[in-house]
Amino acid sequence: MLWKKVIRDLNNNKGSYAACITIIAIGLMVFISLSMVIDNLNLSQDSYYRNQNFADGFAQIKAIPREEIDDLKNIKGINKIQGRLVKDVRVLSSAGKENVYLRLISIDPEEKNPVNGVRLEKGAQLNKNKLNIWLDNKFYSANNLELNNKIQVIIDGKERSLRTAGVGRSPEFIYALRTSSELYPSPETFGIAYIPSDVMEKLFSIKTVNDIVFTLDPGTSFSEIKNRIKPELKPYGLKKLYPRKDQTSHMLLSQELKGLKSMAQTMPVLFLAVAGMILYIMLKRMVEQQRGQIGILKAFGYTNREILFHYMSYALFTGTAGGITGGLLGIAMSYPFTEMYQTYFNMPGLNSNFSPEYLFTSILLSLSFSVFAGYMGCRKILAMQPAEAMSPPAPPSAGKTVIERIPVFWNMLTVQGIMAIRNIFRNKGRSIFILLGIMFTFSILGTTWSFKNIMDKVVFDQYEKIETYDVKVSLTNPRDRNDITRELKNFPGVDRVETMTEIPAALKNKWLKKEVTILGLPENSRLYNIMDKNYNKIKPPGEGILLSERLANLLNAKPGTKLNMNSVMQKRPDIEKKVVVVGVIPQYMGINAYMEDEELQNLIDQGEIATSAMLKINQKNITAFKKEYNRADNVSGISERSASLEESKKLMGSFAGMIGALALIGIITGFAIIYNSSVITLSERSHELASMMVLGMTPSEVLSVITFEQWFTGIFGMIAGIPLTKILLVGMAQTMSNDVYTLPSDMTGLSILIAFGATTVSIWIAQQAASRKIKKLSLVEALNSRE
Amino acid sequence: MKTIIQAKNLKKIYQMGEVDVYALRGVDFNIQEGELIVILGPSGSGKSTLLNIIGGMDKASEGELFYLDTPLHSANSKQLTLYRRHDVGFVFQFYNLIPNLTAYENVNLSAQISENPFPVKDVLEKVGLSDRAEHFPAQLSGGQQQRVALARALAKNPRILLCDEPTGALDTQAGTQVLRLFKDFCTTYNKTIIIITHNAAISQIADRVFYLKDGILSSIQENETPLSPEKVTW
């Protein structure tokens with residue numbers, strides 16, 4: 001019989017239970033979908049790394065004979081080592097697209113279980129003597145290619161034709177970026193091509209390799225090997241030696257997994273806690289209201305356990321419904337999420353599957369939260385004796401609140417205001433819940449919007465404020481800067497040419513070391529601006545070095561710190577130079593150090609060189625310019641700033657959906673919290689409110705008692721939400737920043753304003769729902785019952 | 001004397017599932033301004049229904065009800081709210097005070113929405129609770145709470161005061177005090193008071209007594225000389 005009561009009670013309060021179930025479901029949906037994506041990514045990554053023998057260490061060298069690599073195999077701790085020739089070449093695209101590049105990587109088609117082995121997806125084995133390649137699958141499909149298609153590339157100024165023999169992928173390029181200044185892969189314009197070693201050597205007329213990958217014996221660490229291999233490679237111009245954890249693709253995938261994990265762990269706890277609080281308050285209230293009924297049941301002889309189970313069944317129902325809904329939604333969401341990751345992370349077997357385990361986990365999690373909250377709300381039943389339960393509860397404690405001691409404020413209030421303030425102080429637990437709920441809503445909205453601003457800042461600052469050239473020409477090898485300037489300046493439409501020197505270097509502060517690119521910029525550069533936090537232009541220092549904030553943190557350096565520097569591009573790479581840090585500047589894309597060009601040239605002592613040139617050029621002439629220089633053998637790339645900006649804008653557009661979804665979650669949560677608190681207040685104080693209506697107050701005047709209470713708490717909640725938003729942003733910036741991009745944790749005025757606006761709207765909507773309930777309030781019924 | 005309330009063939013039917021329950025089966029009466037009316041009847045006779053309809057808290061299913069010239073039977077909820085706001089005062093058996101407002105604030109709650117209220121302090125003094133003005137309902141006895149409820153109803157300076165078992169929860173002494181206040185209000189300010197009760201003794205103070213039975217006004221008895229509340233034997 002009691003089941004009927006449960007069903008009817010649930011039906012009478014369907015709005016409140018639905019809101020509670022929604023919050024649980026949202027939290028679990030986030031948890032389950034993220035957990036499943038994490039699992040899918042991890043599973044796919046592990047088997048991919050294992051099957052393709054992904055390298056533990058990487059080295060880039062100027063040139064080392066292939067035979068020398070065989071000797072390196074004898075180093076203790078190295079399991080397998082391979083030398084490769086790696087070169088970026090430009091593709092002559094039939095679609096007329098410019099700036100399409102392929103990274104050619106030499107492989108030995110006969111090698112068994114090679115390091116970073118290519119997983120052939122379709123096509124045939126490579127013929128070691130022919131101009132044939134395996135193309136990476138993303139490039140292949142993004143450019144609508146087919147097997148046996150010929151790809152025209154420029155090698156040393158000459159056009160070459162490479163036949164596509166197969167399509168494959170390697171764990172080295174799960175997240176394939178051409179340069180470290182890029183944020184995301186662009187398979188239409190950059191791909192990987194695997195080519196037989198002998199063929200590649202002939203193509204480039206080189207007998208050496210410039211890249212080494214190796215795996216380690218089980219139980220050996222990279223740092224042990226580093227000291228053994230480094231002296232062996234140094235004579236061949238070692239540019240970089242780094243472990244798997246610093247490999248760009250691996251690093252970005254790990255970073256993403258880390259971010260997902262922290263989100264999967266925190267978000268659901270917040271949501272379940274909110275839902276638990278709502279449930280606790282609802283059930284506590286119900287037990288108080290049904291005190292008489294409990295007394296009667298006890299008088300009939302129902303045991304405490306039976307009655308407790310009856311009231312717990314509301315929590316069980318909510319928990320089960322929330323768990324099932326959240327679990328199913330989470331599993332459903334994991335499909336598009338995983339698919340989204342497929343577009344960024346190129347891994348085989350990255351799929352989602354229906355998971356009964358996760359559905360079960362979801363229900364279990366939801367039930368444990370709900371049952372705990374429910375028990376806390378119902379446990380009073382156990383203590384009550386039947387006679388006590390049947391008699392009315394002791395009158396609420398009366399007395400004045402602290403705030404009444406501020407007469408100036410108190411005298412300003414209407415009677416409704418007085419009622420509201422006293423209620424806030426008398427129901428401290430509930431007021432704190434509303435306060436926390438609104439803080440939570442505000443912070444979700446504030447963080448979401450700030451994050452959008454942050455992403456805009458990261459991208460637009462780079463391409464609108466810092467880099468202001470029209471076109472940048474990167475050179476394959478450093479050239480005399482005067483020659484470059486002279487040549488480019490003569491091209492029609494070119495207004496200004498500035499050369500730049502980009503030097504890979506290791507910067508050291510005591511035991512802290514970081515490999516970065518130092519940019520040497522002209523003193524009065526107008527095409528590349530270095531700026532401080534307030535967008536004031538800073539001249540590149542004539543003496544000393546400027547560090548980006550993240551680099552300064554990594555090196556624990558501040559103005560005045562003396563750093564040791566050495567670069568493979570120095571005339572004497574073995575000699576360490578000293579540079580003094582003169583300033584720290586914000587930089588969101590990449591991590592660099594900056595110097596005045598002359599000063600940098602003096603340090604490396606290679607004469608007046610340049611590695612790239614920035615141009616101000618008439619838009620009309622850009623196409624002709626590219627046509628002219630795209631095929632030049634000393635040009636490695638031509639990038640157009642407007643195209644980079646456009647690409648980035650497209651990416652930002654794809655974030656809009658995610659930001660919208662998060663904002664909606666925030667609004668729903670705010671709505672659910674306020675709606676439930678209104679409904680609880682209404683049921684608790686129907687007597688009071690009905691009395692006011694009998695006195696002749698309009699529904700809106702009566703509602704104002706509840707709304708005053710909510711706005712009063714809400715304003716403090718929103719104000720308290722500001723620091724919480726900042727904390728969340730700082731946490732997010734810390735977990736998400738890496739060497740590719742550094743996220744600032746700025747909270748803009750607009751995002752606060754939007755959070756205020758959206759929170760206010762969600763409170764207002766919930767109050768309108770409550771107002772309908774007030775209009776329906778039966779005066780006769782409310783007043784005929786005893787309080 | 002002016003007719004303040006006029007009821008013609010007033011019916012109230014509650015639909016309980018498929019069954020129609022008649023709470024009022026056709027009631028006709030006139031009430032004059034300044035009269036003290038007691039409606040007597042057993043449980044289920046329709047007293048509370050009638051009071052609720054007169055007070056604008058509920059609407060009749062059939063028939064007509066006028067307050068002065070205003071047809072209450074066809075009024076919408078907004079008009080009924082205004083009617084309750086300016087013209088009617090209520091006193092309930094269980095007081096229905098707002099627990100977290102003091103006595104003064106409870107009375108002020110009603111006074112502040114009225115067009116022509118009595119000063120709150122005066123009303124509290126009149127009901128003998130000046131010294132309890134800053135007390136919360138939980139700090140007052142039943143009789144005192146009922147007097148606050150009465151003060152709250154009077155403070156609005158309504159033309160009609162409706163009372164539902166106003167002495168039902170009070171002892172004799174407190175009950176007498178409350179009745180005295182009704183009587184004074186009626187005579188001093190020429191206000192109309194309608195009291196519904198089980199308690200036949202109270203009818204002795206009324207100008208007229210309406211007997212209600214099974215939803216029908218079975219008889220109306222006029223008291224030539226109403227008793228003073230102090231003389232009522234409970």
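Per chain, numbering begins at 1; letters A, B, ... match sequence-line order.
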Under a 4.5 Å cut-off applied to non-hydrogen side-chain atoms, are Met697(A) and Leu109(B) in contact?
-> yes
Okay, Ser77(B) and chain A: the region with an atom under 4.5 Å from a heavy atom over there is neither
Does a sphere of radius 6.0 Å around CZ in Phe716(A) hold more than 12 heavy atoms from other residues, nucleotides or ligands, not counting ones at 6.0 Å or beyond?
-> no
Give a yes or no on whether Lys191(B) atom NZ has more than 12 heavy-atom contacts from other residues, nucleotides or ligands under 6.0 Å away.
-> yes
Can you see which heavy atom on Ile113(B) is nearest to which on Gly696(A), and at what distance?
-> CD1-C, 4.0 Å
Should Met419(A) and Leu101(B) count as side-chain neighbours, where that means a heavy-atom distance under 4.5 Å?
-> yes
Is there side-chain contact between Glu105(B) and Ile418(A), with at least one heavy-atom pair below 4.5 Å?
-> yes
Return yes if a side-chain donor-acceptor contact under 3.5 Å exists between Glu701(A) and Gln112(B), otherwise no.
-> no
Working for side-chain contact (heavy atoms from CB on, under 4.5 Å), residues Met693(A) and Arg84(B) | CA-CA 8 Å; Met693(A) 287 186 70; Arg84(B) 290 200 302 268; 4.3 Å; yes
State which residues pass side-chain contact (heavy atoms from CB on, under 4.5 Å) with Pro166(B); sequence neighbours excluded, sorted by chain then number.
-> Val91(B), Gln146(B), Cys163(B), Phe182(B), Ile195(B)
Heavy atoms only: give me the nearest Val694(A)-Met57(B) pair and the separation to one decimal.
-> CG2-SD, 3.0 Å
So does Tyr22(B) have more than 12 non-hydrogen atoms from other groups sitting under 6.0 Å from OH?
-> no
Is the CG atom of Asp20(B) crowded by more than 12 outside heavy atoms at less than 6.0 Å?
-> yes
Test item: Thr698(A) and Lys78(B) side chains (from C-beta on) under 4.5 Å apart, heavy atoms = no
Exceeds 12 heavy-atom contacts within 6.0 angstrom, atom NZ of Lys12(B) = yes
Only counting residues at least two apart or in another chain, list the ones meeting ring-ring contact (aromatic ring centres under 6.0 Å, His included) with Phe317(A).
-> none
To the nearest 0.5 Å, atom OH of Tyr95(B) lies from atom OG of Ser691(A) at 13.5 Å
